[in-house]
Every structure is written in structure tokens, then in C-alpha cells.
Chemist: 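Sharing a structure with you now.
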Amino acid sequence: MNDIIIIGAGVGGLTVALTLHRAGMPCRVYELAPEIKGLGLGINILPHATKELAALGLEDALASVAVQTREAVFFNRFGQLVYNEPLGRHAGYDWPQFSIHRGDLQAVLLEACRQRIGAERIFSGWRCVRADQDGRGVTVHFNDTAAGEALPPQRGSVVIGCDGIHSVIRKQLYPDEGDPLYSGVNMWRGATWWPSFLTGESFVRAGWLESGKMIIYPIRNQRDAQGRQLISWVGEFYTPKYKRRDWNRAGELKDFIHVFENWKFDWLDVPALIRGAETILEYPMVDQEPLPRWSYGRITLLGDAAHPMVPRGSNGAGQAILDAVALAECLAQQADPADALKRYEARRLDATASIVRMNRQNPPDAILREVYLRTGDRPFNNIDEVISRQELLALTQGYAKVAGYDKESLTSKVKL
Ligand SMILES: Cc1cc2nc3c(=O)[nH]c(=O)nc-3n(C[C@H](O)[C@H](O)[C@H](O)COP(=O)(O)OP(=O)(O)OC[C@H]3O[C@@H](n4cnc5c(N)ncnc54)[C@H](O)[C@@H]3O)c2cc1C
């Protein structure tokens with residue numbers, strides 16, 4: 001069998017390399033960055049995805065770097081507690097929720113790929129420019145990222161575009177689609193070595209997008225010599241202007257610190273945390289309309305290339321991991337590659353389209369929107385008078401069901 005060609009060594013590309021290897025199918029990975037190193041900051045990996053990473057034998061490697069997230073905690077912008085709930089194993093799942101540096105996750109996946117598929121099958125500095133197909137396979141064209149010159153075309157049985165939100169493979173399939181859609185929310189992110197707050201394993205969402213929202217959580221289980229943890233934070237609010245999304249775009253303190261200047265709580269001094277970051281990155285919150293198809297003959301899409309979603313449900317990387325499992329299973333089960341890619345699309349397209357839409361409307365932070373609206377953005381006396389526990393539960397559980405990490409979906413035999 002000809003090798004399967006994977007474009008992109010992000011979470012999606014590296015995970016599908018591992019699931020294909022597990023299924024006995026040879027593959028090669030091509031990444032445009034001259035050196036594969038983790039970009040971005042903290043992300044959360046929810047139990048539906050940690051289940052799959054554990055099945056790939058990676059739970060211990062992840063647990064050795066990541067924080068096993070204990071609880072989700074919601075506050076208003078005055079630092080008043082709205083709601084908290086246990087997460088991962090603490091909520092009775094058989095798998096943990098991890099809060100992890102995206103670079104650490106990528107490093108664990110890359111190391112596993114090097115050991116299992118071989119370092120010589122992972123190419124960096126190869127920028128994919130186009131994929132062609134015929135009855136017997138695919139031919140993928142590349143330029144050298146640094147020199148810009150054409151590299152030798154690569155033959156394979158199938159090509160999987162795991163090349164992220166600005167995917168060239170998606171662009172080739174949908175040339176008229178246009179740029180990612182801006183949600184109106186801009187994000188500023190950083191990571192700061194800081195003393196532990198709350199349980200030391202808490203995932204905090206606070207405030208609301210109209211007057212400023214923060215997401216704050218620790219991402220490494222190792223502490224520094226002063227006992228501090230690496231804390232990832234995101235400040236986000238409605239902002240008319242934005243710049244193209246790039247994992248590496250630098251942000252500036254002056255553009256957003258004013259919104260959080262008064263956020264000095266007994267559980268955390270937020271402006272001091274922000275000011276303590278070594279670097280600040282800026283991203284617009286963007287997604288795309290769900291596509292009608294991902295698979296065209298021997299070409300398909302996976303992860304953000306297939307279904308970019310606004311990061312309000314901690315789910316984009318998790319869904320890329322689920323895609324990777326489904327795609328390898330379909331390729332292993334179907335003799336005809338084009339049939340396999342169609343079957344993969346049938347398993348994953350509607351499920352991910354629902355999450356893209358749900359992330360726009362009612363992700364878990366909808367709790368904060370409700371409290372913001374009902375209190376008129378003022379402090380409350382008693383949260384039970386604002387929103388009932390049942391409503392709060394319905395909002396978080398409703399999202400878990402659509403995103404496929406409610407306990408029932410995870411323990412049933414239904415394929416994700
Ligand atoms: C602010 C923010 C917070 C997030 N938080 C979470 C979270 O908590 N939990 C979660 O699950 N998800 C989260 N996500 C989403 C998650 O990061 C993405 O869904 C995930 O990284 C997608 O992985 P991917 O492999 O599909 O794409 P990417 O990670 O973007 O990887 C694509 C790879 O392809 C390479 N590439 C691009 N073009 C080419 C080319 N032409 N040729 C060769 N290689 C190419 C890129 O260099 C890159 O390495 C968040 C996203 C953002 C922006």
C-alpha cells in the first residue's frame with residue numbers, strides 16, 4: 001500500500017499519524033514550519049479526547065507534564081462565585097481532563113510519532129501548495145518553506161489536509177469560500193509563573209464578553225523554585241478591529257489591560273497576573289460555516305482544516321483527535337480509499353458542524369452571559385435568586401452532550 005500523506009504536524013496531523021500507525025497503515029507527515037515546535041498557550045483536553053489519547057498509550061506522558069483539571073469555576077467580573085462543578089476523573093469519568101500547554105501536547109505527540117512511525121517520515125520545512133489525484137493515488141506538491149523553491153512531488157494513496165484554519169487543501173476544494181469569519185471577539189493570551197490559586201487545579205471563566213471576560217488555569221504540574229505554577233490566561237471582549245489569526249502574533253498590553261484593571265479579587269490579582277507574563281499573543285475568535293463535504297475522492301480534511309470553531313468550548317483539538325480515530329478506523333475497514341474517506345465524513349461531519357454552531361450560541365460560558373444579562377452587569381446578593389442550579393447544570397450538560405463528552409456518550413458503544 002502507498003503511504004498516506006498527512007499535511008500539517010499540529011495536534012490533528014500528529015494524532016492521525018499515530019492512529020494510522022496503530023491500524024498498520026504507513027504514513028508520512030509534512031509540516032511547513034522549518035522546526036516543529038509547539039506554538040500557542042494553554043488548552044484543555046476533555047475526557048472524550050483523553051480517552052483516545054489514553055488508548056494510544058499517551059496518558060502517562062501527558063500526566064507527567066499537564067495539570068489534571070479538578071473543577072470548572074465561574075465568576076462574575078466582581079469576583080463573585082456563580083457556579084462550580086467537578087471535571088474529568090473528579091467528576092466520575094474514567095479519563096482525566098488535562099489543562100496543558102499546547103506545545104507540551106504537541107511535543108508528546110511528536111515524540112510518540114518519532115518513536116513509532118520514525119523521524120525520517122516527518123518532514124519539516126515542506127509547505128504544501130496543492131494536491132492532485134488520479135485513479136491510483138495522489139500527487140502532492142510542495143515548496144521549500146525557507147527557499148520558496150519547488151520540492152519533489154510526493155505520491156501517496158490518500159492525502160489528509162490537517163493544515164489548520166488557513167488550510168491550502170480546503171482552499172483548493174473551496175476556492176471561493178473567503179477568509180475565516182470574525183465573531184467580533186478578540187483575545188489576548190499569555191502565561192505567567194504565579195502562586196497557585198483556588199485548588200491549584202481549577203479552570204476559571206469570569207466576566208462576560210460585553211465588559212470583559214477572562215479564562216485562567218494552570219497548565220503545568222511542575223512548579224518553579226519559588227513554588228509557582230505556569231498559569232495560562234485569556235482576556236477577551238468585543239472589539240471591532242482584528243488581525244488575521246496566527247499562532248504567533250504578538251499582542252500589546254495597552255490594547256486590553258484597561259478592561260481588567262479592577263479585577264483584584266481575594267482569590268487572584270488578575271491585572272498583576274497579566275502584567276507578569278513574558279509574552280502576550282493576540283488572536284481573533286474566528287470560525288467558518290460548516291462545509292457540505294470534506295472528502296473528494298482520495299483527498300480529505302481533518303481538524304481545524306475541516307471544522308474550525310470559535311474556542312469557547314475547549315474542543316477544537318479534542319475534535320481533531322476524534323477525527324483522527326474515526327479516519328484511521330474507516331481506512332482500515334474499507335478497501336477502497338475513496339469509500340473510506342466518505343465513510344469518515346459521514347461519521348464526523350454532522351457531529352462537528354453541531355459543535356461549530358453550538359460554540360457560537362451556547363458554549364459552557366453561556367452561564368456567564370445569563371448572569372450578565374439578569375443582573376444588568378451588577379454584583380448580586382444571592383446567586384440562587386439570579387439563576388437556579390438546574391439551569392446552570394442544563395447549560396453545561398447540554399454542551400457536553402452536543403460535544404460528545406457527557407458520560408453516557410463516552411461509555412456507550414456508539415461511534416463518535
Ligand atoms: C485561543 C485558543 C484557545 C483554544 N483552546 C482550546 C482548548 O482548550 N481545547 C481544545 O481542544 N482546543 C482549543 N483550541 C483549538 C485548538 O487549538 C485547535 O482546534 C487545534 O490546534 C487544531 O489542530 P489542527 O492540527 O487541526 O490545526 P493546527 O494546530 O493549526 O495545526 C496545523 C498545522 O499545519 C501546518 N500547516 C499549515 N499550512 C501548511 C501547509 N501549507 N503545508 C504544510 N503544513 C502546513 C501548520 O504549521 C500547523 O503545524 C483553541 C484555539 C485557540 C485559538
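Both ligands and their constituent atoms are indexed starting at 1 by order of listing. The first residue of the sequence shown is numbered 1, and numbering continues consecutively from there.
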Chemist: Out of all atoms in ligand 1, which are within 4.0 Å of some heavy atom of Gly164? Include the element for each.
Modeler: 27 (O), 30 (O), 32 (C)

Chemist: Do NZ/NE/NH1/NH2 and the carboxylate oxygens of Arg127 and Asp144 come within less than 4.0 Å?
Modeler: no

Chemist: Mark up the atoms of ligand 1 that fall under 4.0 Å of a heavy atom belonging to Pro311, in ascending order.
Modeler: 2 (C), 3 (C), 4 (C), 50 (C), 51 (C), 52 (C)

Chemist: Check Ile7 against ligand 1 and report side chain, backbone, both or neither, counting heavy atoms closer than 4.0 Å.
Modeler: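 For Ile7, only side-chain atoms sit under 4.0 Å from ligand 1.
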
Chemist: Within ligand 1, which atoms have a heavy atom of Val168 less than 4.0 Å away?
Modeler: 41 (N)

Chemist: Looking only at protein heavy atoms, which one is nearest to atom 37 (C) of ligand 1, and how far off is it?
Modeler: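 The protein heavy atom lying closest is Asp163 O, 3.2 Å.
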
Chemist: Can you list the atoms of ligand 1 that are under 4.0 Å from a heavy atom of Gly12?
Modeler: 24 (P), 25 (O)

Chemist: Tell me, which protein residue and heavy-atom name are nearest atom 38 (N) of ligand 1, and how many Å apart are they?
Modeler: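 Atom 38 (N) of ligand 1 sits closest to the protein heavy atom Leu32 CD2, 3.3 Å.
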
Chemist: Is there a polar contact, in the sense of an N or O pair closer than 3.5 Å, between Ala320 and ligand 1?
Modeler: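 No - when backbone and side-chain N and O of Ala320 are compared with those of ligand 1, no distance drops under 3.5 Å.
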
Chemist: Has ligand 1 got any nitrogen or oxygen that is less than 3.5 angstrom from a nitrogen or oxygen of Ala305?
Modeler: no

Chemist: Going by the order shown, which atoms of ligand 1 are within less than 4.0 Å of some heavy atom of Trp126?
Modeler: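 Under 4.0 Å from Trp126, ligand 1 has these atoms: 42 (N), 43 (C).
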
Chemist: Is there any N or O on Gly42 that sits under 3.5 Å from an N or O of ligand 1?
Modeler: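 Between Gly42 and ligand 1 (N or O atoms, distance only) the closest approach is not under 3.5 Å.
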
Chemist: What atoms of ligand 1 come closer than 4.0 angstrom to any heavy atom of Met187?
Modeler: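 Taking each heavy atom of Met187 in turn, ligand 1 has 1 (C) under 4.0 Å.
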
Chemist: Between Arg205 and Asp365, is there a salt bridge with N-O shorter than 4.0 Å?
Modeler: no

Chemist: Does ligand 1 have any atom sitting under 4.0 Å from a heavy atom of Gln319?
Modeler: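 Contact absent.
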
Chemist: Quick one: nearest non-hydrogen protein atom to atom 49 (O) of ligand 1, plus distance?
Modeler: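 Looking only at protein heavy atoms, the one closest to atom 49 (O) of ligand 1 is Glu31 OE1, 2.6 Å.
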
Chemist: Could you identify the single nearest non-hydrogen protein atom to atom 5 (N) of ligand 1 and state the distance to 0.1 Å?
Modeler: Ile43 CG2, 3.5 Å

Chemist: Do NZ/NE/NH1/NH2 and the carboxylate oxygens of Asp94 and Lys51 come within less than 4.0 Å?
Modeler: no

Chemist: Does the plane of the ring in Trp294 sit parallel, tilted or perpendicular to the ring in His307? Use 30° and 60° as the thresholds.
Modeler: tilted

Chemist: For ligand 1, does His166 get within less than 4.0 Å through its side chain, its backbone, both, or neither, judged by non-hydrogen atoms?
Modeler: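 No part of His166 is near ligand 1 at this cut-off.
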
Chemist: Would you verify whether the NZ or CZ of Arg28 falls within 45 degrees of the ring axis of Tyr30 while also being under 6.0 Å from that six-membered ring's centre?
Modeler: no

Chemist: Going by atom types only, do Gln334 and Arg343 share a side-chain donor-acceptor pair under 3.5 Å?
Modeler: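 Distance-only check passes for Gln334 and Arg343.
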
Chemist: Please state which part of Ala49 comes within less than 4.0 Å of ligand 1, counting heavy atoms only: side chain, backbone, both or neither.
Modeler: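 For Ala49, there is no contact with ligand 1 at all, from either part.
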
Chemist: Heavy-atom contact under 4.0 Å between Ala33 and ligand 1?
Modeler: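 Checking ligand 1 against Ala33, which is what was asked, there is no heavy-atom contact under 4.0 Å.
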
Chemist: Have a look at Arg127, Arg189, Gln106 and point out the one with the heavy atom closest to atom 2 (C) of ligand 1.
Modeler: Arg189

Chemist: I'd like the name of whichever of Ala324, Ser232, Ala317, Pro284 reaches closest to atom 11 (O) of ligand 1 through any heavy atom.
Modeler: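 It is Ala317 that holds the nearest heavy atom.
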
Chemist: Salt bridge or not between Lys264 and Asp269? Use side-chain N to carboxylate O under 4.0 Å.
Modeler: no

Chemist: Looking only at protein heavy atoms, identify the closest one to atom 30 (O) of ligand 1 and say how far it is in Å.
Modeler: Trp247 NE1, 3.1 Å

Chemist: Looking at the rings of Phe75 and Trp267, which for Trp means the six-membered one, are their centres under 6.0 Å apart?
Modeler: yes

Chemist: Regarding Arg121 and Asp3, does a basic nitrogen lie under 4.0 Å from an acidic carboxylate oxygen?
Modeler: yes

Chemist: Would you please indicate if the ring centroids of Trp188 and Phe237 are separated by under 6.0 Å?
Modeler: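 Yes, the ring of Trp188 comes within the 6.0 Å limit of the ring of Phe237, centre to centre.
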
Chemist: Any idea which protein heavy atom is nearest atom 28 (P) of ligand 1, and the distance to it?
Modeler: Arg102 NH2, 3.7 Å

Chemist: Thinking salt bridges, do Arg130 and Asp132 make one under a 4.0 Å N-O criterion?
Modeler: yes

Chemist: Is a donor on one side and an acceptor on the other found under 3.5 Å between the side chain of Glu282 and the backbone of Asn186?
Modeler: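 Between the backbone of Asn186 and the side chain of Glu282 there is no qualifying donor-acceptor contact (under 3.5 Å).
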
Chemist: Is it true that Glu236 and Lys213 have a side-chain N and a carboxylate O under 4.0 angstrom from each other?
Modeler: yes

Chemist: Look at atom 19 (O) of ligand 1 and say which protein heavy atom is nearest, naming residue and atom and giving the distance to 0.1 Å.
Modeler: Asp304 OD1, 2.7 Å

Chemist: So, are Glu177 and Lys171 salt-bridged, with charged N and O less than 4.0 Å apart?
Modeler: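 Salt bridge between Glu177 and Lys171, a charged N being under 4.0 Å from a carboxylate O: no.
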
Chemist: Should you measure from each heavy atom of Tyr30, which atoms of ligand 1 turn up under 4.0 Å away?
Modeler: 43 (C), 44 (N)

Chemist: What atoms of ligand 1 come closer than 4.0 angstrom to any heavy atom of Gly318?
Modeler: 11 (O)

Chemist: Among all protein heavy atoms, pick the one closest to atom 9 (N) of ligand 1 and tell me residue, atom and distance.
Modeler: Asn44 O, 2.7 Å

Chemist: Is there a donor-acceptor contact under 3.5 Å from the side chain of Thr50 to the main chain of Trp95?
Modeler: no

